[in-house]
Amino acid sequence: LSALSLVVPLNEEFWKGMLVAFFFFRRGSAARCFVWGVLAGTGFNLLETFVNSLGAISPEALADRTIGTAWWWFATARAGTAAMHGLASGLSALGFYGLLRGRPRYLLGYCGGVLLHGTWNLLVYAVWGDAIFSQAGPDSLALDIAGISGMVLVFAASLALLWYLSGAL
């Protein structure tokens with residue numbers, strides 16, 4: 001759980017943010033760097049969604065050419081993941097842009113991106129991970145409600161921050 005909520009976000013946001021900022025630190029504004037970071041995060045989300053969807057669709061459903069309701073829940077959750085990945089990568093790119101351009105006010109962007117990504121991963125595993133990790137008893141309804149509520153809040157906050165930052169920068 002700590003690897004998925006701490007190590008993975010540190011690694012993902014480092015590489016996505018650094019690669020975007022590397023191309024914009026000499027020329028280009030913070031706004032362009034942020035937008036390209038959002039695009040990098042959203043593109044990464046498309047790839048991750050495709051890979052994860054292979055496990056969400058059962059072979060029986062493919063054989064019958066029908067997709068059950070579980071796929072729609074998966075797709076809905078991935079909409080939140082798209083907003084989170086876009087914002088986290090945009091913030092990370094801003095952080096590295098600040099580092100490379102000597103603008104310390106942007107340095108918190110990387111920390112914010114990692115924190116956002118780690119929070120999302122923690123909430124996802126609160127919903128689905130308790131049944132996977134324990135395997136000794138039933139799934140916890142309280143964790144499901146808390147996790148889903150948190151995911152909705154993070155999704156709404158991500159959309160609001162994407163809207164705000166796209167105009168403020």
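Because the structure is predicted, anything quoted here is derived from the model rather than measured.
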Handout entry: Co-membership, hydrophobic cluster, residues Leu115 and Leu162, 4.5 Å side-chain
Key = no

Exercise for the section: Report the distance from atom CG of Leu116 to atom NE2 of His85, rounding to the nearest 0.5 Å. Expected result: 9.5 Å

Exercise for the section: Would you indicate whether the side-chain heavy atoms of Phe14 and Phe96 approach each other to under 4.5 Å? Expected result: yes

Practice task
Working to the nearest 0.5 Å, report the span between CG of Leu46 and OG1 of Thr81.
Solution key: 11.5 Å

Exercise for the section: Treating Ile, Leu, Val, Met, Phe, Trp and Tyr as nodes and any side-chain heavy-atom pair under 4.5 angstrom as an edge, say whether Leu94 and Leu19 lie in one connected cluster. Expected result: no

Handout entry: Donor-acceptor contact present, side-chain Ser166 to main-chain Trp163, <3.5 Å
Key = yes

Practice task
Answer yes or no: is there a side-chain heavy-atom contact under 4.5 Å between Phe44 and Glu12?
Solution key: yes

Problem - Donor-acceptor contact present, side-chain Tyr110 to main-chain Leu10, <3.5 Å - result: yes

Practice task
Would you indicate whether the side-chain heavy atoms of Ser89 and Val20 approach each other to under 4.5 Å?
Solution key: no

Problem - Qualifying salt bridge (charged side-chain N to carboxylate O under 4.0 Å, His left out) pairs with a residue from residues 31-54, counting only residues at least two apart or across chains - result: Glu48-Arg78

Completion exercise
Separation between CE (Met151) and OG1 (Thr119), nearest 0.5 Å, reads 12.0 Å

Handout entry: Shortest non-hydrogen contact between Tyr106 and Gly98, atoms and distance
Key = CB-CA, 3.8 Å

Problem - Flag side-chain contact, heavy atom, 4.5 Å: Leu165 against Leu91 - result: yes

Exercise for the section: Would you kindly confirm whether Trp15 and Leu107 end up in one hydrophobic cluster when ILVMFWY residues are joined by side chain heavy atoms under 4.5 Å apart? Expected result: yes

Exercise for the section: May I have all residue pairs that pass salt bridge (charged side-chain N to carboxylate O under 4.0 Å, His left out) and include part of residues 149-160, sequence neighbours excluded? Expected result: none

